[in-house]
There are 2 protein chains.
Amino acid sequence: MAGNKPTTIKEIARKLKISPSTVSRALNDHPSIGLVTTMRVKKMAEEMAYEPNQTAIFFKQRKTFTIGVILPKLSEPFFSEAISAIETVAEDKKYTVLLGQSLDNENREAQIIQTFKKHRVDGILISMGKNTGDTDFEDILSKTEIPVVFFDCVPDLDNVHKVYSDLSSGMVEAIDAFVDRGHRKIALINGPEALLASKERSEAFLNALAKQGISAEESYIVHTDLTEQGNEEAMEKLCSLADRPSAVVSFNDFVTLDLIRYAKQRGIILNQDMFFISYANYPLWKYMDNPPMGSIEQYPDVQAQKAAEILFDCIDKKEHVATPQHVVFPSKLVLK
Amino acid sequence: MAGNKPTTIKEIARKLKISPSTVSRALNDHPSIGLVTTMRVKKMAEEMAYEPNQTAIFFKQRKTFTIGVILPKLSEPFFSEAISAIETVAEDKKYTVLLGQSLDNENREAQIIQTFKKHRVDGILISMGKNTGDTDFEDILSKTEIPVVFFDCVPDLDNVHKVYSDLSSGMVEAIDAFVDRGHRKIALINGPEALLASKERSEAFLNALAKQGISAEESYIVHTDLTEQGNEEAMEKLCSLADRPSAVVSFNDFVTLDLIRYAKQRGIILNQDMFFISYANYPLWKYMDNPPMGSIEQYPDVQAQKAAEILFDCIDKKEHVATPQHVVFPSKLVLK
DNA sequence: TTGTATGCGTTATCAA
DNA sequence: TTGATAACGCATACAA
């Protein structure tokens, strides 16, 4: 339970009756130090359970070997997949991840960034909260030298690194799949209007419909605040239309879960009266007896990994990251 | 994209033509510094976008305001719930979370602990990997002064702080529920034998059966390595028995998902030919048309939060943590 | 091959 | 009320 203060280089030096600098060099395999001394030092360090003090090393190297990761909510599958991938990349790079969840709260987000700055992280990965404006980061970014890479929920700015999913490719596949099966009355249950992700879905939806020569019905586009109640209300709106849609693209699988439940309550039979495709492709559908028609995979792990790699390229001052990197992964429809 | 090096106290001092110590004191609202000076300093600090250097502060305070959290895998719902709760507690305490995932690999686990030591975290929370022995941590713990709290997957040691779920209460409820519905042929699909969690399940299973006056059938206890294949093999064993069980308690919900799928393949009808209860109570069942009979909730968020609170009590040197804390949360059957 | 001296940013102690 | 100085642990330029 108890224990002693961490061993320092000085203590090792005193014990060995040599100078601290020799110990330091020996521990770092400096070529100028004799093999014998090096061995003696390493042995003693081992015995005394020496662990280098990273916070002290920072002074010299100007590096903490940490990156900060800011995510809206860790318990969401998308983000837990993402952080899992990021941590793996970081660990392989001998970096440690500092974690912060914004809970979609701008103040909390700003607070976390400040904390990360205090800790002098070598870089920051951010998936923006749903309420954060594009410009909220501009002064934060301009005043700092810390490399930042956005992913998934990214700002609509050109002068930043960002990695995100192209929602439109999956949307085209979804609409095509619906039309192939004879659907013409296709609706969109979108997220909050303020969200960039929602705007993109709207645009993609309209474009995909246009590509099929279907004119968009305004009442077929509804919004949800992503709460259970909001999801049900959105579904309610569609169901109470005189000309009810037969196919729905929804914001994500979680929304769809609620939609399906609500549909069942109203006596609407899934994959018969109404068909669903949503974004996310969470691994839960394969266990359901009657899953929705499909889901659009956005590859959180691939996105996150790529974002982490770009961040490390920034940290390592790789040539190509002098210009802002914009990496887009096409989303992909997976039929169930 | 670019930017300057972080502002230091010295720079503020130079600009204001006062001494660094005055700046330091002003920024920390030291009572001896005049109001005017304090205001001037704070204004300048603001202008120059000063952020205190935590790594430097560490020298004086012997604190990094960080805790390390080691989990097997972040993408597992149990652990993503846990880390979410931990991060929330930490953030409220003005602490930052350093993250490491062991991927159930002992070496990786040891590596992460070493890294955390280098970073001089103020405390460590661990949920042990499935392959880690109880004694593997003993020397690590004895050589350090860093407070450590185990949770969920904890070692069978008395002299450590630990928070875990009592599997037996939920098991008793499960067996009782089965027996109430007329089941006598009850099986257990357990995890790897080496796992403490498995031993506990075995014991709880046998005790709960005994409480109902049912003698345990040896062939009704099988093991899986928790892979999809292992799960199917375990189910296969039970299904090929002459006297097939009608009720199964399984290691966790993920295992049960595979069991149900396999059962369907073999033409076994869920909740008719065979009934399932497992541990975890993941939020996916409520969306299934035909969910298993029940699931045993283990409250990952509550466990994790309690573990975090104990850790902070240790860090704050609260009286009661002088003796090892063992907190047990009863698990609870939730019928579907 | 090894030792000495210095500085990283901050704060506590002592002095003014 | 403020300033000068030392110290935290380590790495390195310079000296020996």
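Keep in mind the model is a prediction, meaning the values are calculated, not measured. Below, chains carry the letters A, B, ... as their sequence lines are ordered, and counting in each starts from 1.
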Which of the following nucleotides, C:dT10, D:dA11, D:dG9, is nearest to the side chain of A:A56?
D:dG9
Side-chain donor or acceptor of A:S102 paired with backbone N/O of A:G129 under 3.5 Å
no
Whole-Å distance between C:dG7 C1' and A:I57 CD1?
16 Å
Looking only at side-chain N and O atoms, does B:T37 come under 4.0 Å of OP1 or OP2 in D:dT2?
yes
For DNA chain C, which residues in residues 10-24 of chain B have a heavy atom at a distance below 4.0 Å?
B:K10, B:S21, B:S24
Take B:R120 and B:S32, find for each the nucleotide of DNA chain D with the closest heavy atom, and name the residue whose nucleotide sits nearer the 5' end.
B:S32
So, A:D122 and A:R62, do they make that salt bridge, N to O below 4.0 Å?
no
Would you kindly say whether A:T132 and A:E109 are connected by a side-chain donor-acceptor distance under 3.5 Å?
yes
Separation of D:dA11 P from A:I33 CD1 (nearest whole Å):
13 Å
Which nucleotide wins on minimum distance to the side chain of B:N28, given the candidates C:dT11, D:dT2, C:dC8?
C:dT11
Pair B:Y95 and B:F65, ring centroids less than 6.0 Å apart
yes
When rounded to whole Å, the CD1 to P distance for the pair B:I9 and C:dA12 reads 11 Å
Taking for each residue the nucleotide of DNA chain C bearing the nearest heavy atom, is the 5' side occupied by A:T38 or by B:H30?
A:T38
Between C1' of C:dG7 and CG of B:N53, the distance in whole Å:
14 Å
Could you tell me whether the side chain of A:D301 and the main chain of A:A82 form a donor-acceptor pair under 3.5 Å?
no
I want to confirm an ordering. Mapping B:P31 and A:P52 to their closest nucleotides on DNA chain D, which one lands closer to the 5' end?
B:P31
Any donor-acceptor pair under 3.5 Å from A:H119 side chain to A:V121 backbone:
no
If you take all heavy atoms of B:K162 and B:L157, which pair is closest and at what distance?
NZ-O, 2.9 Å
Given the structure, check if the side chain of B:R25 and the base of C:dT13 hold any donor-acceptor pair shorter than 3.5 Å.
yes
